[in-house]
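Heads up, the thing below is written out as structure tokens.
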Amino acid sequence: MIKINNLSKIYTKGKNEVAALKDINLQVAKGDIYGIIGLSGAGKSSLIRCINRLEEPTTGDIYVNGINIVTLKDKELRSARKKMSMIFQNFNLLNSKTVFENIAFPLRLIKIPEQKIQEKATELLKLVELNDKSNSYPSQLSGGQKQRVGIARALASEPDVLLCDEATSALDPKTTHQILSLLKNINKQLGLTIVIITHEMDVIKEICNRVAILGGGYVLEKGNTIDIFSKPGNKTTKHFIEDQQKIPEKMLSGNILNLSFTDGSANIPIISKITREFNVDVNIVSGKIEYIQEKQIGKLTIQIDTDRHKLLDIIDYLNKNHVKAEVINHG
Amino acid sequence: MANIISLLIPSLQETLYMVFISTLLTVLFGLPLGIILVTSDENHILPNKSLNTILSWIINVTRSLPFIILIIFILPFTRWVVGTTIGTTAAIVPLVIAATPFFARIVETSIREVDWGVVEASISMGATPAQIIVRVLIPEAMSSLVLGITITLINIIGYSAMAGTVGGGGLGDLAFRYGYQRFQNDVMFATIIVLIILVQTIQSFGNHLAQKINKN
């Protein structure tokens, strides 16, 4: 659906050049909910805005539905844009128009019979559950309602791709959850491909089947969300995944191991097996089980009092049982 | 008293005629110019640096001229447009030329206030620059534009008094000839009161309308 080849973006200001994106290669399949995550300044906003050319890529190609967006002329670009809608962090609704007219706006840009516009806008109002707000103005709506208007407006032109530029970053956690459920429903019902950029790991965990981690303008890691979560291989990735699990310094004594369990291993009583087979005591420092895309991921931090030799055997044993182990402190 | 009123009514009519026709033409010319000033900016929807620079320069030059000088300076042009340099209709020409660049700057400010995010959203929906101007920029700035038109209208009332002194007629002319040159203070006061009421009414109406349009 979307294929990004060797994309780079350099901002020039006077004599200064800042490379926001460097050699980005990504592929988004039809029906994907593709998450792009990174810290602020990682280049994620530039990346999504290059896809519909709100920003001009410096080099590289972007294919959407087989068409190279980068080489399109104004007129062709405008019709290509109608097939890839965007929603925004600040919603960007027209304050002078009612909810209904905001949703009808993309339809009024093309010559469509009034009756069709009415039908389509009414249908979309129902989809985002805002039937009763049809004649309200954006200033009378809550943030979540505004974003739902944004989503309805984005769907009016029946796009193939929905680009979400930090679409939930201005919303509280509960509203974020509602918006994400709505996006997931749309993805399932309409088969819409969705690209989401965010700095919130929870957004990725909740709806993205695939994820790319962006840092310093590069794609640091990409793949299935579940794989990235269970076996983060990169420092920035780890930062995103593990930052909720802050363990106080004083607890970090002896041999401390981080364990990650995935589908294959989450059901095995691994701790009692270790204590029995290696005759060691295991102290659990912290632990939790998360659900990503309805799949389990267990995270456990344990302390083992043993010598280095045995420790290596234990790590070996864990890996054999599909538990990823990482030593974060040596005793 | 009846005497003053019989003097005031035709003058008021002349002023209203001058002011409203001038405002109408000023909006007609100034609105597109103001929009061009914004949209031809290097990061806007129709970037055109040379057009932007030249237009901005012309506007600044026109605005630098004192109105009374402008009236005299463009006399040949006025004669060419309306066939005469004297009278109420002739006064409309310098009024429009003086007010248009002023209004263009006001439009520029109003249009610039429109959230760029909304413009970007329209671009992302495949809107053409013309559609963005007509369907986004103008409607979103409408409340502010109405206030701008109000300010311009009141400014033109002020200018029209000066135009009056060079044969334009109207309330300014009345106050000048009867009030100043003939020392008829009652005519002067009556004229001022009419002008105050006129300005107050226009400003209140403009505020009310802008408030009504504003959905923010």
[atom1] ([X]) with more than 12 external heavy atoms under 6.0 Å:
X: Phe189(B); atom1: CZ; value: no
X: Glu114(A); atom1: CD; value: yes
X: Ile86(B); atom1: CD1; value: no
X: Lys215(B); atom1: NZ; value: yes
X: Glu129(A); atom1: CD; value: no
X: Gln140(A); atom1: CD; value: yes
X: Gln118(A); atom1: CD; value: yes

Specify the closest pair of heavy atoms between [X] and [Y], including all atoms of both residues, with the distance to one decimal.
X: Asn92(A); Y: Gly117(B); result: ND2-O, 2.9 Å
X: Arg78(A); Y: Gly126(B); result: CD-O, 3.4 Å
X: Leu54(A); Y: Ser124(B); result: CD2-N, 4.3 Å
X: Met125(B); Y: Lys82(A); result: O-CG, 3.4 Å

Please classify the contact of [X] with chain A as side chain, backbone, both or neither, using a heavy-atom distance under 4.5 Å.
X: Ser143(B); value: neither
X: Asp115(B); value: side chain
X: Gln131(B); value: side chain

> Which of the residues Pro138(A), Ser139(A), Ser79(A) is involved in the greatest number of heavy-atom pairs with chain B at under 4.5 angstrom?
Replying inline: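 Option with the top pair count is Ser139(A).
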>> If you count heavy-atom pairs within less than 4.5 Å of chain B, which of Leu109(A), Asp74(A), Leu93(A) leads?
In response: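 Between Leu109(A), Asp74(A), Leu93(A), the count favours Leu109(A).
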Heavy-atom distance under 4.5 Å to chain B: side chain of [X], backbone, both or neither?
X: Asn90(A); answer: neither
X: Leu163(A); answer: neither
X: Arg53(A); answer: neither
X: Phe91(A); answer: neither

> Is there side-chain contact between Pro139(B) and Lys97(A), with heavy atoms separated by less than 4.5 Å?
Replying inline: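 Pro139(B) reaches Lys97(A) side chain to side chain.
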> Under the side-chain contact (heavy atoms from CB on, under 4.5 Å) criterion, do Leu94(A) and Arg135(B) qualify, and how do the steps go?
Replying inline: CA-CA 10 Å; Leu94(A) 290 127; Arg135(B) 292 173 179 273; over 6 Å; no
